Amino acid sequence: MDEPAGPRALEALATEDRRFPPPAGFADRAVVSDPGIYDRAERDLEGFWAEQARTLQWRKPFTKVLEWDLPYAKWFADGELNVAENCLDRHVLAGHGDRVAFHWEGEPGDSRRITYRELQDLTNRCANALKALGVRTGDRVAIYLPMIPELPAAMLACARIGAPFTVVFAGFSAEALASRIDDSEAKLLITADGGYRKGGIVPLKKNADDAAARARTIEHLLVVRRTKQAVPWTEGRDVWWHELVDAQSPECPAESLPAEHMLYLLYTSGTTATPKGIVHTTGGYLTGVATTHRTIFDLRAGDVYWCAADIGWVTGHSYIVFGPLANGATSVLYEGTPDFPDKDRWWQVIEKYKVSILYCAPTAIRTFMKWGAEHVAKHDLGSLRLLGSVGEPINPEAWLWYRKTIGGGRCPIVDTWWMTETGMILITPLPGLVTTKPGSATFPFPGVKVDVVDESGASVPLGGAGYLVIERPWPAMLRGIYKDDRRYRETYWSRFPGRFFAGDGAKRDAEGYLWLMGRVDDVMKISGHRISTTEVESALVSHPRVAEAAVIGREDLITGQAIFAFVTLRSGNEGSAALSLELREHVARSIGAIARPKTIMFTPDLPKTRSGKIMRRLLRDIANGVALGDTTTLADASVVEMIRSASGSGSED
Ligand code: PRX
């Protein structure tokens, strides 16, 4: 296991002593203003979460709160509820049917305003369409859609009938989609003709066709018409959304489902080439995301909330769809990129919808810094009152820029640490209570207990750094890796027995503030996206001219890390700019554009230990220009010199 790397890690380690208490006018009116919440949750964890769970609507009330059979938790297990009913019907029945659920903004500039009643209607029609296509409670559905309203509606429709879904980010390739369909054994694939990206069209239907041809289980494709270009069509298998869904009844009873019924599977990268299907269930998950969304984002009447992530990632599941809708929030849903048609698009959206809460990733913030404050200055951002950050460490400089340039110096920042596996935010300030420090995610959420430990599992004293572990179960935690109990136990529970090993390095300062320092395993964070080094390596070696590859995340001032690949070619081949381009495209085709290496360096050999293991850490140090430590375990030390003298000759974008 390596120590964490990255410029943010190093910067965060430097003493950052500026501090920002909650502004007075903010704290007085905050959703949580009583610091006693921490003690209460600590004294009676189950009571705390039961109280939160009871704010939801249960078909059958639970009598049990937590059953902890390490490493599997059950929350509220004898209760029954329905997620879609909680996210939609409950609000409509309470008289909020006309409240806007989503202000949807399309990339080309079209927009739709969708009220809770309209979203309920769309969801129910979609749920009836699913049934018409033979989907029953327990069947899996794969969803491969752009950021259009049909995406949350499809997820809620699945939840309504109890069909676990798996959303595959629309930037993933056909191959990546096929492997997820195969693992989940989905029988239906919901997709679109295409998606807009920077003015161009991403051929989603074509990718979906390729994936469906490879995957064994797909019976039908349900296709939303978005971009309207001609698409290949398989009669009998493919069905247009506007033909089938629009013709359905807007009434569809919500299934009463056990709290531990699987809500969704979300595939994420681990340290092997095969993504793992993270299992999330119903009652605990909804309780966790609704509670954290309400309290951390300080949700008040009249707020317009915008989480700028993609629904294809866990952030979108928990904090665009389920948390906000369970809380009856009004959100912005934006289809496109920040620079289309121009670099001020986000600020234009904020001004247009009077967004009051913005939640995004540090990479976006650093990109805006690079583009310059003049794009921000074109718009009135006076509606903003709270800012959030997620997905990767935020360096103090970006934090301070975010606060001043976007937040006008008046908005608290919540830096929220969590993962696909945790389902909900676990480390974060509560904005009305906690004094923040730029770059620190501060403290665990009430009821959450973490520690920072050394190799032996011993707690590191304040001021020290080590591995982040989570000490007790939380309601939205994963319920395992789909069909892979062994990998679940090994990945999260064996390194420090009895404790959840997150895979992150962390430091706790003298006051106990937590500073997350990045991954300590073979997982990279590229623009906040999680990509495994081995996944990219296996894509590279699947190219006929590649003999061997070693991939590392190189520090990058904007994207946090960037993919750097050392490639050894099969004999008879020579490295060239053209081949480098070809290999980069090859990876983009096999996984998706987000995994395209930024740099390829051809090397005649790779440094290996005597037992033949590639020394990735050494390569990372070479790529990052870090002074090299001990290389005595190397089988052939001259390889390092050779690579070092050649480095810099890699080719990039
Ligand atoms: O390294 C941590 C980083 O993102 C990882 C989880 O990635 P993923 O499952 O894709 O979920 C991202 C969105 C929740 C973590 O292991 N990470 C996430 N949030 C933060 C963070 N690192 C530092 N600070 C954060 N606020």
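In what follows, residues are counted from 1 in the order of the sequence shown. Order of appearance sets the numbers: ligands from 1, and atoms from 1 within every ligand. A quick note: this is a predicted structure, and the numbers were derived from the prediction, not measured.
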Can you produce the list of protein nitrogen or oxygen atoms under 3.5 Å from a nitrogen or oxygen of ligand 1, alongside each distance?
| from | atom 1 | to | atom 2 | distance (Å) |
| --- | --- | --- | --- | --- |
| ligand 1 | 1 (O) | D504 | OD1 | 3.0 |
| ligand 1 | 1 (O) | D504 | OD2 | 2.8 |
| ligand 1 | 4 (O) | G391 | O | 3.3 |
| ligand 1 | 4 (O) | K525 | NZ | 3.0 |
| ligand 1 | 7 (O) | K525 | NZ | 2.8 |
| ligand 1 | 9 (O) | T420 | N | 2.8 |
| ligand 1 | 9 (O) | T420 | OG1 | 2.6 |
| ligand 1 | 9 (O) | R530 | NH1 | 2.6 |
| ligand 1 | 10 (O) | K525 | NZ | 3.2 |
| ligand 1 | 16 (O) | D504 | OD1 | 2.6 |
| ligand 1 | 16 (O) | D504 | OD2 | 3.4 |
| ligand 1 | 16 (O) | R519 | NH1 | 2.7 |
| ligand 1 | 17 (N) | G391 | O | 3.4 |
| ligand 1 | 19 (N) | G391 | N | 3.1 |
| ligand 1 | 22 (N) | P393 | N | 3.4 |
| ligand 1 | 24 (N) | E392 | O | 3.4 |
| ligand 1 | 26 (N) | D415 | OD1 | 2.7 |
| ligand 1 | 26 (N) | T416 | O | 2.8 |

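Two residues are said to be in side-chain contact when any heavy atoms from C-beta on lie closer than 4.5 Å; R596 and I563 fail this criterion. For the pair R495/F500, no side-chain contact is recorded, criterion being any heavy-atom separation below 4.5 Å from C-beta on. Between E335 and W104, the closest side-chain pair of non-hydrogen atoms falls below 4.5 Å.
Of the candidates L430, L426, T416, F445 forms a side chain to side chain contact (heavy atoms under 4.5 Å, CB included) with just one, namely L430. Applying the salt bridge (Lys or Arg N to Asp or Glu O under 4.0 Å) test between E392 and each of R519, R530, R366, K525 identifies R366 as the sole match.
Taking the six-membered ring for Trp and thresholds of 30 and 60 degrees, W346 and W306 have ring planes inclined between 30 and 60 degrees apart.
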